[in-house]
Amino acid sequence: MAFGKGCHLHLIDGSAYIFRAFHALPPLTRKSDGLPIGAVSGFCNMLQRYVEENAGPDAPTHVAVIFDKGSHTFRNDMYDQYKANREAMPEDLRPQIPLTRTATEAFNIACKEIEGFEADDIMATLACQARRAGGRVTILSSDKDLMQLVGDGVEMLDPMKNKRIDREGVEEKFGVGPERVVDVQALAGDSVDNVPGAPGIGIKTAALLINEFGSLEELLDRAEEIKQPKRRQTLIDNRAQIELSKKLVQLDEGMDLPFSLDDLEVRDPDPEILLGFLTDMEFRTLTKRVADRLGAEAPVIPEATAAVTEEAAPDWPAIDAATYTCVRDLETLHAWIDRAQQVGTVAVDTETTGLNDMRCELVGVSLAVAPGEACYIPLAHRAEGGDDLFGADDLADGQIRMQAALDALKPLLQDPSVMKIGQNMKYDAKVLSRYGIEIAPIDDTMLMSYAMHAGEHGHGMDTLAERYLAHTCIPIKDLLGSGKSMITFDRVPIDKATGYAAEDADVTLRLALTFKPQLHRAGVTRVYETMERPLVPVLKQMEMTGIAVDRDVLSRMSNAFSQKMAMLEEEIHDLAGEKFNVGSPAQLGEILFEKMSLPGGKKGKTGKYSTPADVLEDLATEHDLPGRVLDWRQLSKLKSTYTDALQEHINPDTGRVHTSYSIAGANTGRLASNDPNLQNIPVRSEEGRRIREAFVAPEGKTLVSLDYSQIELRILAHMADIDALKQAFRDGQDIHAMTASEMFNVSMEDMTPDIRRQAKAINFGVIYGISGFGLARNLRIPRAEAQGFIDRYFERFPGIRKYMDDTKAFAKEHKRVETLFGRQIHTPEIAAKGPRAGFAQRAAINAPIQGTAADIIRRAMIRMPDAIAKLPVRMLLQVHDELIFEVENGAVDDLIGVAKGVMENACDPVVKLDVPLVVDAGQGANWAEAH
DNA sequence: CCTGTCACG
DNA sequence: GACGTACGTGACAGGG
């Protein structure tokens, strides 16, 4: 039947169906092989319900499910920030996308998508064609972008609320008719799609203006006539941005489609094909329901053989090193690869010659496809007994040639439809990357544990195996030994290595099967999917890039420090009247408190005097020696930890320094940097800050540093809901001065640096879970006075005390606290008695604040690679509230614009802060200049 | 291997 | 009423 009068076209927004199905359902997996199919299941159920509900007299004559295809559309060419705030597609959803197309076809419903266009444009074009032909159209979607199509026989139906949206519905939502919806959207913008619009103008104001002037064009041409001065200026200043926004929201109704309306005619499904598909997916209930409706026999779905179920199966085979396979030829390897491909999920572990993933060599790879089914593929083990001059570096027999094995593994490890599970996958991903394999998609058991159990215990594999599998892993010591006689993994006999390596893969797989279904129940799926797992490739890239360090600068500083230290040491020995080890607190304590009888000597647990800096500072007024020791200590620290150690960390292959970030190191969600720690490079003292001059941009490039201004205090203002603080941040005030002014009744004009400094200490104290003692020590004032400050602070900002009390109460009740983004930090010690309770309480107060800040910069980092993809720039480092980039000189301003936007909007669209986030930028030839 | 000290946010 | 107290990290040196 040709489409025409009397015809009724249904357009189903396929992508919306998929996302709703994905988020509404727990992460179901196909029993036989663990393939994630939650979204497919939900999608099929929705299609079936659609079919059942649309069989009556008003049944459509034509129907199509329309999908988005490709992430880059013509709108991105107009505006590269379009939809830049979108969360990346969850890894579990990705492999399900093609299956939803297959499902649509199995239902024998037309399934359409066109590369480079959004589903909305296809639907707009089809709706217009149908309208012109005199037919009716119903769009099954709740997307407000589609409301511009309503009218003249086109309606929308919100499938969630089962609510029809006609002209009146659109006017209710936008305050204007469908033909003016794009005008309102152009002004109001859209944070979800990142359409800028006019700042400060929302839907209400936009509708008011459009109704007054008739159209957007008219409004912009006659903007001078607007009465409100601020509004007038906004429209005049942002004309180009508003016009761009209109182009972004305007749907393309005139696409050239490679099919016609007639191709969308409603067709009955072929029972064999549809039931075949549902059976393949192992949807028991739905298969039966569909079979009943089609009057067909429901096929029998065999019980699952593999042990992938909602709960970790209790009947898993025991973990036994003797049962694993050693893969020594290509044929066997291919059999394992095929098996992994079929299952769709495989645990992967690499064995290497060391712990440094930038320098070690690959020795072997292990795989696990089901509990108890694991293998080890040795690749570079050395021949045994070769400890003499000859043969020591010969490869042991019976190993597949490295390159041949990697060539065979590469398609599996890069296959987008096969999930690769690892424990601390960043390590393996970096090693494999150095061998030409970019492993993806990945799951990480360490990160699953971190998302669920941060604060409860560590997340190393041995710990997890003990706790969750009641299994003690083979200690690596048993293979490598320890201390001086320790060997590298390539010297381990292959038999012994097989048991160890394959066990790691087996354990990892079992942990993943245990944890994966628990994520949803613990309420941390989103944390894991959006803030843990996607960070792995981002950090991998940063770490592998590294930062250029000028060895000569460090070396000269080391020499200068040595000389000064030698001079100081001599002076110290003279003042003490004897030679001793200045670096030994024990010996120094003896000199100070015994020999010289200076006051304030306190002994620690070990019965030795303690000589921290603040004690020495107090003593400096009494004697010259303590001051000299402090100077010596500073130089000693700078030399040993920085100027000397950093030189050792310059990678000979790249000439750069490559830190490694632990994602699951800090309980709060912060990263930790190690080998070397580049998050504690000196900055507070002038002498220390000069070490940053050694961190440089190569010729023709610039280092750019972007840091969040006062992010934790802003979060506190939001979370504790303190109006005065929130307003101060909105007005861009000096927050410490403002606090001081409020507390001490000093006007901002009469503010002295000292009053401000005290207020600043209190502000930070609040974040740390303030105590009179702590503040007193920090400010070096009597305890009673400090307590007075705190009392006055709480009097002025009662919301802060309420936040602290509420947080403590929450922690006591739930044994955990949460960030604004849902990250959980467990506080098992909160119920402890004695001093531990105090620690736990203050940690509980601090964790949501520090953790939310950590979440925000994580989100920014995850979005950054896409945002800066077109610029000649690389992201190098993260220092908690700061990101450092290396950029070609010509692109500095572009980078600052783009990256700042990503950082300042990193909360979107999940959390709306009541305070703005502000990012400051710096640039220079080295880190000292950029900061 | 633990402790003290000190570098950072 | 006494006790011990700011939050989160990592690296280095000394000393058993």
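Quick caveat: nothing in here was measured; it's all calculated off a predicted structure. Side chains included, hydrogens not; waters and symmetry mates left out as well; all remaining heavy atoms used. Protein chains get the first letters and strands the later ones, always in sequence-line order, with residue 1 at the start of each.
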**Request:** Verify whether one side chain among A:Gln563 and A:Asn559 offers a donor that lies under 3.5 Å from an acceptor in the other.
**Result:** no
**Message:** Checking contacts here: which listed nucleotide (B:dC8, C:dG10, C:dT9) is nearest the side-chain heavy atoms of A:Val683?
**Reply:** B:dC8
**Asked** Between A:Gln587 and C:dG15, does any side-chain N or O lie under 4.0 Å from OP1 or OP2?
**Response** yes
**Item:** Secondary-structure notation, DNA chain C, from Watson-Crick and G-U pairs under 3.5 angstrom (| other strand)
**Value:** ......|||||||||.
**Asked** Taking CG from A:Leu635 and C1' from C:dC12, how many angstroms apart are they, rounded to a whole number?
**Response** 15 Å
**Near-ring test A:Phe797/A:Tyr793, centroid separation under 6.0 angstrom** = yes
**Fill in**
Among the nucleotides C:dT9, B:dG9, B:dA7, whichever has the atom closest to the side chain of A:Asp881 is B:dG9
**Message:** When you measure from the side-chain N and O atoms of A:Asn677 to the phosphate of C:dT9, is any distance below 4.0 Å, counting only OP1 and OP2?
**Reply:** no
**Request:** Flag yes if more than 12 heavy atoms outside A:Lys595 fall under 6.0 Å of its NZ atom; otherwise flag no.
**Result:** yes
**Separation of C:dA13 P from A:Glu569 CD (nearest whole Å)** = 14 Å
**Message:** Under 4.0 Å, counting only non-hydrogen atoms across every strand here, what does A:Ile681 touch: a base, just sugar-phosphate, or nothing?
**Reply:** sugar-phosphate
**Message:** Within the 4.0 Å heavy-atom criterion, would you say A:Gly583 contacts the bases, only the backbone, or no part of the nucleic acid?
**Reply:** sugar-phosphate
**Request:** Report yes if at least one side-chain N or O of A:Arg670 is closer than 4.0 Å to OP1 or OP2 of C:dG8; otherwise report no.
**Result:** no
**Prompt:** NA contact type, A:Ala844, heavy-atom cut-off 4.0 Å: base, sugar-phosphate, or nothing?
**Reply:** nothing
**Message:** Please tell me whether A:Phe794 and A:Phe789 form a close aromatic pair, meaning their ring centres lie under 6.0 Å apart.
**Reply:** no
**Request:** Could you measure between the two C1' atoms, the one in B:dC8 and the one in C:dG4, and give it in whole Å?
**Result:** 26 Å
**Along DNA chain C (nearest heavy atom to each residue), the more 5'-positioned of A:Thr668 and A:Asn674** = A:Thr668
**Message:** Between P on B:dG4 and CD on A:Gln634, what's the gap in Å once rounded to a whole number?
**Reply:** 23 Å
**Prompt:** Rounded to whole angstroms, how far apart are CG on A:Leu883 and P on B:dC8?
**Reply:** 19 Å
**Item:** Given C:dG8, C:dG14, C:dC12, the nucleotide with the shortest approach to the side chain of A:His880
**Value:** C:dG8
**Asked** Quantified in whole Å, what is the P atom distance between nucleotide B:dC6 and nucleotide C:dA6?
**Response** 15 Å
**Item:** Among A:Leu678, A:Asn677, A:Val683, the one residue meeting side chain to side chain contact (heavy atoms under 4.5 Å, CB included) with A:Asn680
**Value:** A:Asn677
**Request:** Residues of residues 778-793 of chain A with any non-hydrogen atom less than 4.0 angstrom from an atom of DNA chain B: list those, numerically ordered, please.
**Result:** none
**Request:** Please state whether the phosphate of B:dC6, meaning OP1 or OP2, lies under 4.0 angstrom from any side-chain nitrogen or oxygen of A:Arg633.
**Result:** yes
**Prompt:** Roughly, in whole Å, what's the span from CH2 in A:Trp632 to P in B:dC6?
**Reply:** 11 Å
**Prompt:** Within less than 4.0 Å of OP1 or OP2 of B:dT5, is there a side-chain N or O belonging to A:Ser610?
**Reply:** yes
**Request:** Side chain of A:Tyr642 only, please: which of B:dC6, C:dT9, B:dA7 is the nearest?
**Result:** B:dA7
**Item:** Distance, rounded to the nearest Å, where A:Gln850 contributes CD and C:dA6 contributes P
**Value:** 16 Å
**Request:** Establish, with yes or no, whether the OP1 or OP2 oxygen of B:dC6 is under 4.0 angstrom from a side-chain nitrogen or oxygen of A:Thr641.
**Result:** no
**Request:** Apply the side chain to side chain contact (heavy atoms under 4.5 Å, CB included) test between A:Arg858 and each candidate in A:Ile663, A:Val538, A:Thr530; give the one that qualifies.
**Result:** A:Ile663
**Message:** Just to be sure I understand the rule, does A:Ala847 reach a base, reach only the sugar-phosphate, or reach nothing, if contact means heavy atoms closer than 4.0 Å?
**Reply:** nothing
**Message:** Quick check for you: among C:dG14, B:dC8, C:dC7, whose closest atom lies nearest to any side-chain atom of A:Arg842?
**Reply:** C:dC7
**Item:** Flag, side chain of A:Arg689 to backbone of A:Pro682, donor-acceptor distance under 3.5 Å
**Value:** no
**A:Glu543/A:Lys430 salt bridge by N-O under 4.0 Å criterion** = yes
**Item:** P-based separation of B:dG4 from C:dT5 [nearest Å]
**Value:** 11 Å
**Request:** Look at the side-chain N and O atoms of A:Arg684 and state whether any lies under 4.0 Å from the OP1 or OP2 oxygen of B:dC8.
**Result:** yes
**Prompt:** Considering only the C1' atoms, how many Å lie between C:dC3 and B:dT5, rounded to the nearest integer?
**Reply:** 25 Å
**Prompt:** Does the side chain of A:Arg757 reach to within under 4.5 Å of the side chain of A:Asp754, using non-hydrogen atoms?
**Reply:** yes
**Item:** Rounded distance (Å) that lies between atom P of B:dC8 and atom CD of A:Gln878
**Value:** 17 Å
**Message:** Rounding to an integer number of Å, can you tell me how far A:Glu590 CD sits from C:dG15 C1'?
**Reply:** 14 Å
**Request:** Consider only side-chain N and O atoms of A:His736 and A:Asn763, and report whether a donor and an acceptor are under 3.5 Å apart.
**Result:** yes
**Asked** What is the nucleic acid contact for A:Ala645, judged by heavy atoms within less than 4.0 Å: base, sugar-phosphate only, or nothing?
**Response** sugar-phosphate
**Prompt:** Step by step, would you call A:His931 with A:Glu882 a side chain to side chain donor-acceptor pair (under 3.5 Å)?
**Reply:** CA-CA 9 Å; A:His931 186 76; A:Glu882 175 188 16; 3.1 Å; yes
**Request:** Would you please test A:Gln647 and A:Ser555 for side chain to side chain donor-acceptor pair (under 3.5 Å) and show each step?
**Result:** CA-CA 8 Å; A:Gln647 296 185 58; A:Ser555 163; 4.6 Å; no
